[in-house]
Each structure stands twice: as C-alpha cells, then as structure tokens.
Asker: 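Pasting a structure here, questions to come.
The figures here come from the full heavy-atom set of this structure, side chains too, leaving out hydrogens, waters and symmetry mates.
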Amino acid sequence: MLKSITTFSLAALLLAGCATEPLNSAALTPPLAFKGEATPATAATAPVEMGQWWKVFADPTLDGLIERSLARNTDIRIAAARLEQSKALVKSARSSLFPQAGIGYGASRATEVGQDPKASTLHSAGIDLSYEVDITGKLFSAAKAARLDAQASEALLDDTRLLITGSVAETYFALRALDEERAIVRDTLTAYRTTLDVTQRRFEAGDVAELDVARLQTEVSSNESELLALDRQRAQIENALAVLTGEVATTFDVESQSWASQPWAGHVPVVPAGIPSDVLKRRPDVQAAELSMQAAQRRVGIAKAAWFPSLTLTASGGYASSDLSDLFEDAGRNWSLTGLLTQAIFDGGRRNAGIALAKGDLEIAFAGYQQQVLVAFADVEDQLAARQTLEAQARTQTEALNAATRALNLSQSRYRNGYVSQLDLLDAQRSELRTRRLALQVKAAQYQSSVRLIRALGGDWTV
C-alpha cells in the first residue's frame, strides 16, 4: 500500500523571504493510497540509473533512438534555450545587490559674457559609484525569485526530456508491433495466395466449384487491402519518430535499423507495488509548478516593499582642468558623497495595484500547482488501472489465441478429410488471424502502458 504524505502540499508553502498571506492548502490533502495499486503477479524489474528509465526495456535500438532525440529534438533545444535565458535573468537580478561603478571623461567649451568675451575649455575625468542599500530585502527577494524561475525552467527542461523520451519509446513500440502485425498479415496473405493457386487449378480441372475460387480471391484481396493500410500507418509512425529524433522524415528510414529483421522478443518491465506517493514530488512538472509558486510568493513581498523608503548612496571623484595636460594635477581634484533617502507619498494607487497584481499571479501559480498535483495522481491512477486490465486481457487473449489455433488445426485436418467445407476453414483462418493480431496489439499496449506509468512516476520509482 502506498504511504501517506501528510506534508505534500504544505512543504511547498514554507517559503523564505518576504512574508505574504498564507495559502489555503486544504484542497491538496493527498490520499492514503492509490486506488489502482495492486501487487503484481510477477517480480518487479530492478530499477536503473536515475534519469535513464528506458534502460529497463534492455533494447539497444530504443537506447540509440532516445540518445538521438536527446541530442537533436527541437522541443528539448527550445527548453534548454529558455533555461539559459532564465540563468541570464538571475545574473541580471543579482547585479542589483552590488555597487555599480563607471568611469567617464568629458570636455566642455564655453564663452564668458562681458565686454571682452573669452572662450575656454574645461576637461574632466572621474569615477562614479552608486549603491542601493537593500534595507527592505526587495533586491535580495528579486534575485531569489529569479533563481526560483531558473530552477523552474530547469525542471521544465527535465519534464520536456521525460515527455520526449516517453514519446520516442511509445512510438518505437507501436512501430515494432506494427511490423510484427504486417509480418503476420503477409504470411497469411502468402498462404491464401498459395491456396488460391491450388484451388484455381482444381477448378479448371472441374474438382471444385467456382464459388470456392471466389471466396479465396475475396480473402486475398481483403488481406492485400489490410496490408496496404498497415503500410500507410507504418509510414506515418516512422515520420513521427523522425520528428521526435530531430531528423528529416524524407531521409529517415527505420528499415535500416538492425531490429527491423529480428522478431520482437522481450518482457514488459514490472513496476513494483507499494511505491510511496512521495515520488510524485520528484515529477519535473510538479517541481516546476512548486518553484513558480514560490517565485510568485516572493514577488508579493517585493510589491509590498514598495511602501517602504529606499536608500541610495552615490559617490564620485575625479579631476577637472582647463588644460588637458594638467588634468590629473592635485589642484584639479574633486569628490562628492551623497546619500538619498526617498519615500513615495502619493502615487495614485499604483503600489496597491502592484500588490493586487502580484497576489493575482500568486493565486494563479498556486492553482497551477494544485492542478499539476491532481494531474500527477490521475496519471498514475490511469496507468495502474491500465496495467491491471492489460495483464488480465493478455491472459485472456493468450487463451483465445490457443483456442483459435487449435480450431484452425482441427479445421485444416477435417477439411483435408472432407468433413468440413471450405467456408468453415476460411472462418477458422480469419478467426485465428484476428485473434493473433489482437494479442499483438495487447502486447504493444502493455509496453506503452509501462512507459506511461514510469513517466507518470517522474521517470523513476525508487524512494
């Protein structure tokens, strides 16, 4: 059974820095257990290294495709660029915590007013320093909020990687299943064509009726149409895989991969039962929502700090001379030191509006965090339910396939001995083909559901 996490939402609200109104976290009380949790019948698959969840499938081709997607996928590159932008904003915000310094040189020419006007030039050079004393902590909070935004961007990058790698795995398994299904239909089509040739010769010899030929021709044409439809689906899935790996669909060809000519062998990884729901806090999207909420709460404090005075210290020093050659002589030295304390008295409600805006952003961020937590639980519940039903469906489908295979073998034997008609044999063949394809589709769904469950848990199920 899953462990209770009584502080799942409250931990996100223990924020340092500027104080704001407490948020109502009652809506985020987590359940004691996932309702879809159940102990699987088989032993759990051993976990792999954090961040490389796809290794549990032990498929070298899948590993290669995911490595290519991590290196080339455009969504990942966009998320990485946004992270770099966020890091730059952190540096910009932190710069306000330090003194600002600059140097300058100037020259001015003026004419004295009088009976004998005389023009003169004044040269000046010096250094200027300014520093805003962070008496309310707003500059520190601004830097902290920017850093929280950067951490949220980093979490979103991890979430994008998780989504893309999961999509690559799902698409890959769909392609593998479709290739096996095409192989089944091709083998069936070959058998039907062989039977049609034999039946055609028997019809020409007068041993069978034309109806038998027509029935087989119908099966051949129907399976040819099915194969063409599967070919079309494969092309679309292959093109989707090309986009995920960041390659041009025109030149992307999965047929060149070594797995294309090998049977799809392997076992569906089993995620263990009893996973604590604390692991959901590691989901990148939940982390990003929590960090964005913390940044929004910081900014409420920054908006409130606008009601307090600000203190700015400035200092300047340098030289001035009418003769450029004497510019740095001691006689031309000058300096100044200024402290400016300012406090706004009337702003027409601008500061109140800023606080209201920041509070609105905080409420939006908190609601977004709530929504992300709800989505996380729903994702896991969906896939836990899918795992149970697919396991049961796979067992049932295996029984159905065994029965259909036995029925086909019996029908072929009885047909050869003249006990059943060709129509009965065709029905048995169609039933066996349909059941085999359904079994393959269930297998693919199990693989894809495992991918979705691992992704719903944040890419890892270790505590």
Asker: Could you tell me whether the side chain of Asp149 and the main chain of Ala295 form a donor-acceptor pair under 3.5 Å?
Answerer: no
Asker: Do Asp285 side-chain atoms and Ala289 backbone N/O form a donor-acceptor pair below 3.5 Å?
Answerer: no
Asker: Evaluate the side chain to side chain donor-acceptor pair (under 3.5 Å) criterion for residues Ser421 and Asp424: first the C-alpha distance (whole Å), next the side-chain angles of each, then the deciding distance (0.1 Å), finally the verdict.
Answerer: CA-CA 5 Å; Ser421 66; Asp424 294 328; 3.3 Å; yes
Asker: Assess the residue pair Thr312 and Glu132 against the criterion (side chain to side chain donor-acceptor pair (under 3.5 Å)); give the C-alpha distance rounded to whole Å, side-chain angles, the decisive distance to 0.1 Å, and a yes or no.
Answerer: CA-CA 4 Å; Thr312 303; Glu132 182 177 355; 5.1 Å; no
Asker: Thr245 side chain to Leu241 main-chain N or O, any donor-acceptor pair under 3.5 Å?
Answerer: yes
Asker: With side chains defined as the heavy atoms from C-beta onward, is the minimum distance between Leu440 and Ile184 less than 4.5 Å?
Answerer: yes
Asker: Please list every donor-acceptor pair under 3.5 Å in which a side-chain atom of residues 406-415 meets a protein atom from a residue at least two apart or in another chain.
Answerer:
{"from": "Asn409", "atom 1": "ND2", "to": "Thr405", "atom 2": "O", "distance (Å)": "3.3"}
{"from": "Ser411", "atom 1": "OG", "to": "Ala407", "atom 2": "O", "distance (Å)": "2.9"}

Asker: The criterion is side chain to side chain contact (heavy atoms under 4.5 Å, CB included); which residues satisfy it with Thr199, sequence neighbours excluded?
Answerer: Thr195, Val208, Asp212, Val213, Leu216, Gln422
Asker: Is the closest side-chain heavy-atom distance between Gln294 and Arg298 below 4.5 Å?
Answerer: no
Asker: Are side-chain heavy atoms of Leu211 and Arg215 found at a separation under 4.5 Å?
Answerer: yes
Asker: To the closest 0.5 Å, what do you measure between OH (Tyr447) and CG (Leu390)?
Answerer: 13.0 Å
Asker: For Leu189, is there any backbone N or O sitting under 3.5 Å from a side-chain donor or acceptor partner on Asn223?
Answerer: no
Asker: Answer with yes or no whether the side chains of Gln446 and Ser450 bring together a donor and an acceptor at under 3.5 Å.
Answerer: no
Asker: Are the side chain of Asp134 and the backbone of Leu139 linked by a donor-acceptor contact shorter than 3.5 Å?
Answerer: yes
Asker: Show me the donor-acceptor pairs, under 3.5 Å and distance only, between side chains in residues 157-164 and residues at least two apart or in other chains.
Answerer:
{"from": "Asp158", "atom 1": "OD1", "to": "Arg161", "atom 2": "NH1", "distance (Å)": "3.2"}
{"from": "Thr160", "atom 1": "OG1", "to": "Leu156", "atom 2": "O", "distance (Å)": "2.8"}

Asker: Should Ile355 and Trp307 be marked as a side chain to side chain contact (heavy atoms under 4.5 Å, CB included) after you check the CA-CA gap, both sets of side-chain angles, and the distance that decides it?
Answerer: CA-CA 10 Å; Ile355 294 174; Trp307 281 99; 3.4 Å; yes
Asker: Any chance you could measure Leu433, atom CG, to Glu219, atom CD, to the nearest 0.5 Å?
Answerer: 9.0 Å
Asker: Could you tell me which non-hydrogen atom of Thr136 sits nearest to which non-hydrogen atom of Ala305, and how far apart they are?
Answerer: OG1-CB, 3.8 Å
Asker: Indicate yes or no for a side-chain donor-acceptor contact from Asn417 to the backbone of Tyr419 under 3.5 Å, with no hydrogens or angles considered.
Answerer: no
Asker: Working to the nearest 0.5 Å, report the span between CG of Leu175 and CD of Gln233.
Answerer: 11.0 Å
Asker: So, do Ile66 and Tyr172 sit near enough that their side-chain heavy atoms are less than 4.5 Å apart?
Answerer: no
Asker: Check step by step if salt bridge (charged side-chain N to carboxylate O under 4.0 Å, His left out) holds for Arg455 and Glu170.
Answerer: CA-CA 11 Å; Arg455 188 170 64 188; Glu170 288 186 56; 3.1 Å; yes
Asker: Does any part of the side chain of Val168, heavy atoms only, come nearer than 4.5 Å to the side chain of Ser69, both counted from C-beta?
Answerer: yes
Asker: Hey, is Glu238 close enough to Arg234 for a salt bridge, meaning N to O under 4.0 Å?
Answerer: yes
Asker: Taking all atoms of both residues into account, what is the closest heavy-atom pair of Ala150 and Ser86, and its distance?
Answerer: CA-CB, 3.6 Å
Asker: Between atom CZ of Arg176 and atom OG1 of Thr171, what is the distance when rounded to the nearest 0.5 Å?
Answerer: 14.0 Å
Asker: How far does CZ of Arg68 sit from CG of Leu244, to the nearest 0.5 angstrom?
Answerer: 11.5 Å
Asker: Do any N or O atoms from the side chain of Arg351 and from the backbone of Ala303 form a donor-acceptor pair under 3.5 angstrom?
Answerer: no
Asker: Arg283 and Leu457: which non-hydrogen atoms are nearest, and at how many Å?
Answerer: CG-C, 4.0 Å
Asker: Taking 4.0 angstrom as the limit, do Asp361 and Arg299 come out as a salt bridge?
Answerer: no
Asker: Which heavy-atom pair separates Leu362 from Ala296 by the least distance, and what is that distance?
Answerer: CA-CB, 3.7 Å
Asker: Counting C-beta onward and ignoring hydrogens, is there a side-chain heavy-atom pair between Val451 and Trp54 closer than 4.5 Å?
Answerer: no
Asker: A side-chain contact here means heavy atoms from C-beta on lying under 4.5 Å apart; do Glu224 and Tyr192 qualify?
Answerer: no
Asker: Write out all pairs satisfying salt bridge (Lys or Arg N to Asp or Glu O under 4.0 Å) with one or both partners inside residues 432-442, taking only residues at least two apart or from two chains.
Answerer: Glu181-Arg437, Glu226-Arg437, Glu432-Arg436
Asker: Show your working on side chain to side chain contact (heavy atoms under 4.5 Å, CB included) between Arg387 and Leu384 and close with a plain yes or no.
Answerer: CA-CA 5 Å; Arg387 180 177 69 172; Leu384 287 174; 3.7 Å; yes
Asker: Determine yes or no for a side-chain-to-main-chain donor-acceptor pair under 3.5 angstrom, with Ser141 supplying the side chain and Lys138 the backbone.
Answerer: no
Asker: With Asp427, which residues qualify under side chain to side chain contact (heavy atoms under 4.5 Å, CB included), at least two apart?
Answerer: Leu423, Arg430
Asker: With sequence neighbours excluded, what pairs up with Ser92 under the side chain to side chain donor-acceptor pair (under 3.5 Å) test?
Answerer: none
Asker: Would you say Gln200 and Asp197 make side-chain contact, with heavy atoms under 4.5 Å?
Answerer: no
Asker: Does the pair Arg82 and Arg77 meet the rule for a side chain to side chain contact (heavy atoms under 4.5 Å, CB included), with working shown?
Answerer: CA-CA 9 Å; Arg82 287 174 177 161; Arg77 288 164 55 193; over 6 Å; no
Asker: Given side chain to side chain contact (heavy atoms under 4.5 Å, CB included), test Gln397 with Thr435 step by step and report yes or no.
Answerer: CA-CA 7 Å; Gln397 197 62 40; Thr435 307; 3.3 Å; yes
Asker: Regarding Arg452 and Asp379, does a basic nitrogen lie under 4.0 Å from an acidic carboxylate oxygen?
Answerer: no
Asker: Before we go on, tell me: are the rings of Phe173 and Phe57 under 6.0 Å apart, centre to centre?
Answerer: yes
Asker: If you count every heavy atom of other residues, nucleotides or ligands that lies below 6.0 Å from Glu210 atom CD, does the total exceed 12?
Answerer: no
Asker: Return the minimal non-hydrogen interatomic distance between Ile237 and Ala174, and the atom names on each side.
Answerer: CD1-CB, 4.2 Å
Asker: From Ser130 OG over to Gln100 CD, what is the distance, rounded to the nearest 0.5 angstrom?
Answerer: 5.5 Å
Asker: What are the two closest non-hydrogen atoms of Trp53 and Ala169, and how far apart are they?
Answerer: CH2-CB, 3.8 Å
